[in-house]
Participant: 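Take a look at the following structure, please.
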2 protein chains.
Amino acid sequence: MSLETLNLTKNQQTVLDILESASEPLKAYTILFDIQKKGIKSPLQVYRALDKLIEIGKVHKIESRNSYIACKHEGCNAKTSTSFLICENCDSVTELTANNLFSYFSKQAEKNNFNYKKHNLEIFGLCANCKLKN
Amino acid sequence: MSLETLNLTKNQQTVLDILESASEPLKAYTILFDIQKKGIKSPLQVYRALDKLIEIGKVHKIESRNSYIACKHEGCNAKTSTSFLICENCDSVTELTANNLFSYFSKQAEKNNFNYKKHNLEIFGLCANCKLKN
DNA sequence: AACGTAATGTTATAATATAACATTTAAAAT
DNA sequence: ATTTTAAATGTTATATTATAACATTACGTT
């Protein structure tokens, strides 16, 4: 059984469910508040579930926002690297899958004699919807 | 007089000095601790100085580390966008200046009908020094 | 069943960052 | 030079984000 299809525990599944049903990235304490009726009482329970979900690639953290988002890509390989488009108007987030980013960044790193392992990329701007409205 | 050469206030200069003399990115409370002898007593004084320094491009924040680094580039245009190489072994940070990143990211964004404004990029791996040692 | 590993529950606390408000300084306008 | 305005400061309190420590429970493997 591969890591990706491992059964999640109750807490992990609860946290993943709420992230998957959210249209926007959520903060840890928002998640906590939303699922207290399901028996999760402390921040640590949320953070531990998030840690595991991030480890297996089901969830990514958006560093600049201290927010967490469920990955929609089947068998996402972004267990380590992440690339997001973040709308400054409506805060919606789209994950980029462009694999050529890897080779591009490797090259940029190589120029500095730096050995590329992974990356976080956050691109800010206006999403398609908000472009129309503004 | 351009923004870049504006005189800094006492607190701003104090914070910038310590960041410029540091070989590594510093955390806000590390800065606070280090400069308490210079009359800065509260976190807010540090954060306000950092905000201003970031605004004028003298300092950048490394989001994934909650750390701050002085910009070494004269007249750095990275008031908004930042690109870093971060060594996972020694935590040293190098800022990339590659301007072609802008056009590359614009194109990636455009594919998603997204209007690029700015970005944060953090590339993790091994720096030149640590590559040799490992 | 016994073992080892991972996950849980719980309380407390650490680390990071901002709100609110009164006061002072400095730049610009008159 | 004085007035006006915007920015920065000082201070206390508090909000937000995240982890430490430790006892207990569940679970897969043998």
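Every chain is numbered from 1, with letters handed out A, B, ... down the list of sequences.
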Participant: Base contacts versus sugar-phosphate-only contacts with protein, heavy atoms under 4.0 Å: please encode nucleotides 4-17 of chain C as B, S and - from 5' to 3'.
Facilitator: ---SBBBB----BB

Participant: Only counting residues at least two apart or in another chain, list the ones meeting side-chain contact (heavy atoms from CB on, under 4.5 Å) with A/Lys27.
Facilitator: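 Per chain and number, A/Lys27 pairs via side-chain contact (heavy atoms from CB on, under 4.5 Å) with A/Thr30, A/Asn66, A/Ser67.
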
Participant: Tell me every residue that passes side-chain contact (heavy atoms from CB on, under 4.5 Å) with B/Ser92, counting only those two or more places apart in sequence or in another chain.
Facilitator: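 Result, side-chain contact (heavy atoms from CB on, under 4.5 Å) vs B/Ser92: B/Glu24, B/Cys87, B/Cys90, B/Cys127.
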
Participant: Any pair with a residue in residues 33-48 of chain A that passes salt bridge (charged side-chain N to carboxylate O under 4.0 Å, His left out), sequence neighbours left out, goes on the list, sorted by first then second residue, please.
Facilitator: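 Pairs touching residues 33-48 of chain A that pass the test: none.
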
Participant: Please list, chain by chain and in numerical order, all residues satisfying side-chain hydrogen bond (donor to acceptor under 3.5 Å, both in side chains) with B/Thr9, sequence neighbours excluded.
Facilitator: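 Expected list: B/Gln12.
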
Participant: Could you tell me which residues satisfy side-chain contact (heavy atoms from CB on, under 4.5 Å) with B/Tyr29, sequence neighbours excluded, listed by chain and number?
Facilitator: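 With neighbours one apart ignored, the set is B/Leu32, B/Pro43, B/Tyr47.
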
Participant: How would nucleotides 24-30 of chain D be written as a contact map, 5' to 3', with B for base contact, S for sugar-phosphate-only contact and - for no contact, using protein heavy atoms under 4.0 Å?
Facilitator: -------

Participant: Could I get the full list of side-chain hydrogen bond (donor to acceptor under 3.5 Å, both in side chains) partners for B/Asn89, not counting sequence neighbours?
Facilitator: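 Applying side-chain hydrogen bond (donor to acceptor under 3.5 Å, both in side chains) to B/Asn89 gives none.
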
Participant: Looking only at heavy atoms, what is the nearest atom pair of B/Ile31 and B/Leu19, with distance?
Facilitator: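 Result for this residue pair: CD1-CD2, 4.0 Å.
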
Participant: For A/Glu63, enumerate each residue passing the salt bridge (Lys or Arg N to Asp or Glu O under 4.0 Å) test, keeping only those at least two apart in sequence or located in another chain.
Facilitator: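 Once residues adjacent in sequence are excluded, the partners of A/Glu63 under the salt bridge (Lys or Arg N to Asp or Glu O under 4.0 Å) criterion are A/Lys61.
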
Participant: Whole angstroms only, please: what is the CG-P distance between A/Leu26 and D/dT17?
Facilitator: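 From A/Leu26 CG to D/dT17 P: 12 Å.
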
Participant: Using the test side-chain hydrogen bond (donor to acceptor under 3.5 Å, both in side chains), find all partners of B/Asn112 that sit at least two apart in sequence or belong to another chain.
Facilitator: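 With neighbours one apart ignored, the set is empty.
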
Participant: Going by the rule side-chain hydrogen bond (donor to acceptor under 3.5 Å, both in side chains), which residues pair with A/Glu88 if we only count those two or more places apart in sequence or in a different chain?
Facilitator: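 Result, side-chain hydrogen bond (donor to acceptor under 3.5 Å, both in side chains) vs A/Glu88: none returned.
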
Participant: Over its full length, what angle do the end axes of the helix from C/dA1-D/dT30 to C/dT30-D/dA1 make, each axis taken from five pairs and the result rounded to 10 degrees?
Facilitator: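 About 50° separates the two local helix axes.
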
Participant: For B/Gln13 and D/dA7, what is the distance between atoms CD and C1' respectively, to the nearest whole Å?
Facilitator: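 The answer, rounded to whole Å, is 17 Å.
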
Participant: Tell me: CG of B/Leu50 to P of D/dA8, nearest whole Å?
Facilitator: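 One finds 14 Å between P of D/dA8 and CG of B/Leu50, rounded.
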
Participant: Output the rounded distance in Å from CG (B/Leu8) to P (C/dT25).
Facilitator: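 Rounding to the nearest Å, CG of B/Leu8 and P of C/dT25 are 19 Å apart.
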
